[in-house]
Amino acid sequence: MKEQLFSVLRAPHISEKSARLQEHNQYVFEVAQGATKADVKAAVEGLFSVEVQSVNLVNQKGKARSFRNRAGTRGSKRKAYVRLADGQTIDVTAKA
C-alpha cells in the first residue's frame, strides 16, 4: 500500500512560488504522469496524516533546448497543487 503512495508523489517542488503558496496552506508536488486528483489526495493524506481540501493538477511541457547543435527537449512534468485544511501543515523541506 505504501509503495503505491510513494509511486504517485515523486518529490516536493521547491521554488519561490511554492514558498509563497505555503503561507496560504498550499503545497506543490511533482507527481506521476498518470496520477489523478483522487490518487494525489489519497497519497498526501496517507503519507503526511493531514486533511486535503483540494487538488489541482498541471501538466508542464518540457522546453526545447539544443546542446552542441543537437536539438532536444527537457522532460515534461506533472505538478499537483494541494491545499490543506486550516491548521494543517507539511514540512516539505525536512531532510530524511
Side-chain angles (χ1 to χ4, degrees):
M1 181 67 181
K2 281 268 195 193
E3 296 85 27
Q4 286 179 325
L5 300 179
F6 281 119
S7 67
V8 172
L9 292 180
R10 299 290 168 105
H13 183 76
I14 308 297
S15 66
E16 289 182 23
K17 181 179 178 180
S18 66
R20 283 194 314 267
L21 289 174
Q22 287 179 10
E23 297 172 4
H24 302 288
N25 223 17
Q26 196 168 5
Y27 298 88
V28 184
F29 295 96
E30 290 182 23
V31 297
Q33 286 289 337
T36 63
K37 288 183 179 185
D39 294 339
V40 173
K41 182 176 180 177
V44 171
E45 288 178 344
L47 291 174
F48 299 108
S49 301
V50 294
E51 183 183 341
V52 174
Q53 189 175 13
S54 66
V55 176
N56 292 323
L57 294 175
V58 176
N59 289 320
Q60 185 177 19
K61 187 178 178 189
K63 293 183 178 180
R65 293 286 185 235
S66 63
F67 180 73
R68 294 189 181 178
N69 297 327
R70 181 173 284 229
T73 58
R74 290 184 181 170
S76 298
K77 292 185 214 176
R78 186 170 175 97
K79 295 190 294 187
Y81 289 81
V82 178
R83 182 178 299 277
L84 300 182
D86 291 337
Q88 310 252 334
T89 60
I90 298 174
D91 188 11
V92 294
T93 59
K95 299 282 183 178

Closest heavy-atom contact between [X] and [Y]?
X	Y	answer
G34	D39	O-OD2, 4.3 Å
G62	S76	N-OG, 3.2 Å
V50	E45	O-CG, 3.2 Å
N25	G87	ND2-N, 4.2 Å
L9	A43	CG-CB, 4.0 Å
S7	A32	O-CB, 3.6 Å

With rounding to the nearest 0.5 angstrom, report the [atom1] to [atom2] distance, [X] to [Y].
X	Y	atom1	atom2	answer
S54	Q26	OG	CD	6.5 Å
E30	K77	CD	NZ	4.5 Å
T73	R65	OG1	CZ	11.0 Å
T89	Q22	OG1	CD	10.0 Å
F29	L57	CZ	CG	12.5 Å
R78	R10	CZ	CZ	11.5 Å

Grouping I, L, V, M, F, W and Y whenever their side-chain heavy atoms are under 4.5 Å apart, do [X] and [Y] come out in a common cluster?
X	Y	value
V40	L84	yes
L21	V58	yes
V52	F48	yes
V28	V55	no

Problem set entry | Partner residues of S15 under the side-chain contact (heavy atoms from CB on, under 4.5 Å) criterion, sequence neighbours left out | H13, K17, S18
Problem set entry | Test item: R83 side-chain N/O and N56 main-chain N/O as donor-acceptor pair under 3.5 Å | no
Exercise. Checking S66 side chain against N69 main chain: does a donor-acceptor pair fall under 3.5 Å?
Worked result: no
Exercise. Are the side chains of Q33 and N59 in touch, meaning some heavy atoms are under 4.5 Å apart?
Worked result: yes
Exercise. Looking at L47, V82, V44, which hits side chain to side chain contact (heavy atoms under 4.5 Å, CB included) with I90?
Worked result: V44
Exercise. So does Q53 have more than 12 non-hydrogen atoms from other groups sitting under 6.0 Å from CD?
Worked result: yes
